[in-house]
Amino acid sequence: MSQVATVVKTKRKTSFFKQLMSLHWAMANCFLLMFVTGIVMPRLPEDLFFREPLYGLHKSVGVLLLGLLLARILVLLRVSWSKYTRRLPKATPAWLRVFVLHSILYLLMLVAPLSGLFLSNSYESNNVPFFGLKFPDIFPVNEAVVELARSLHFWLTYTFLAFIVLHVANQWQVVRATWRRAWGAVKSTLLAR
């Protein structure tokens, strides 16, 4: 293989990886917003003027996360295809742990927002906004399952949060390095003023 072909191939892999990491951090920020709003919203008084818009934001970001997840899976498939068509991974215990953890995270990234749609659709038809647009119902209105849907959404999201904590602990060195870079950028921006 020529040196030019190697450079082009490396750039392509790096480009896919950058896309994957961009989607990772965009989704991480969206999920942080989801957890914060999800904790705050139910505790707000019913007559508070920004309670309903906060629910609308929470639901809109949930729909956005489903779209970002689809994009992320497509990019991940491209990365995996280019990486594993040349050489399969060694199925070591460490690789298997990481694979299982990430598989569970991807499953929870799907079912946590879907359980929110199930809760919203069970309660009332066509009440899930997507930044001002109405997202079509996926589940039928059924007030008999609202409590089940609420409980399901609660437990799935907190299970997801527990697995996020495991993921952060597993990637602690990366988290520390990212935090240092971000804090350094903030400090340099503040000092430049």
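Keep in mind that this is a model prediction, so the values were computed, not measured. Only this structure's heavy atoms are used, side chains among them; waters, hydrogens and symmetry mates stay out.
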Spacing of [X] atom [atom1] and [Y] atom [atom2] [to the nearest 0.5 Å]:
X	Y	atom1	atom2	answer
I164	Y158	CD1	OH	11.5 Å
L119	L114	CG	CG	12.5 Å
S22	F17	OG	CZ	10.0 Å
L156	L161	CG	CG	12.5 Å

Without placing hydrogens or testing angles, list every side-chain donor-acceptor pair under 3.5 Å for residues 63-80, not counting sequence neighbours.
residue	atom	partner	partner atom	Å
R72	NE	Y106	OH	3.0
S80	OG	L76	O	2.9

- Item | side chain to side chain contact (heavy atoms under 4.5 Å, CB included) partners for R176, two or more places apart | W172, R180
I'd like a table of donor-acceptor pairs (distance under 3.5 Å, sequence neighbours excluded) in which one partner is a side-chain atom from residues 87-102, with atom names and distances.
residue	atom	partner	partner atom	Å
T92	OG1	W95	N	3.1
H102	ND1	V98	O	2.9

Taking only distance into account, with no hydrogens and no angle test, what donor-acceptor pairs under 3.5 Å do side-chain atoms of residues 134-149 form with protein atoms, sequence neighbours excluded?
residue	atom	partner	partner atom	Å
D137	OD1	N121	ND2	3.2
D137	OD1	N126	N	2.8
D137	OD2	S125	OG	2.5
D137	OD2	N126	N	3.0
N142	OD1	A144	N	3.1
E147	OE2	R150	NH1	2.4

Check whether [X] and [Y] end up in the same hydrophobic cluster, where Ile, Leu, Val, Met, Phe, Trp and Tyr are linked by side-chain heavy atoms less than 4.5 Å apart.
X	Y	value
Y55	L48	yes
L190	W183	yes
V174	M21	no

- Side-chain touch F118/H153, heavy atoms, less than 4.5 angstrom: no
- Item | By side chain to side chain donor-acceptor pair (under 3.5 Å) - contacts of H167 (at least two apart) | none
- All heavy atoms of P129 vs all of S60, minimum pair found to be O-OG, 3.2 Å
- Item | Over all atoms of both residues, closest heavy-atom pair of N127 and Y123 | ND2-CD2, 4.3 Å
- Query: Looking only at atom types and distance, does a side-chain atom of S120 sit under 3.5 Å from a main-chain N or O of L117, one as donor and one as acceptor?
  - Reply: no
Table please: side-chain donor-acceptor pairs of residues 29-42 below 3.5 Å, with sequence neighbours left out.
residue	atom	partner	partner atom	Å
N29	ND2	W25	O	3.0
T37	OG1	L33	O	2.9
T37	OG1	M34	O	3.2
T37	OG1	H58	ND1	2.7

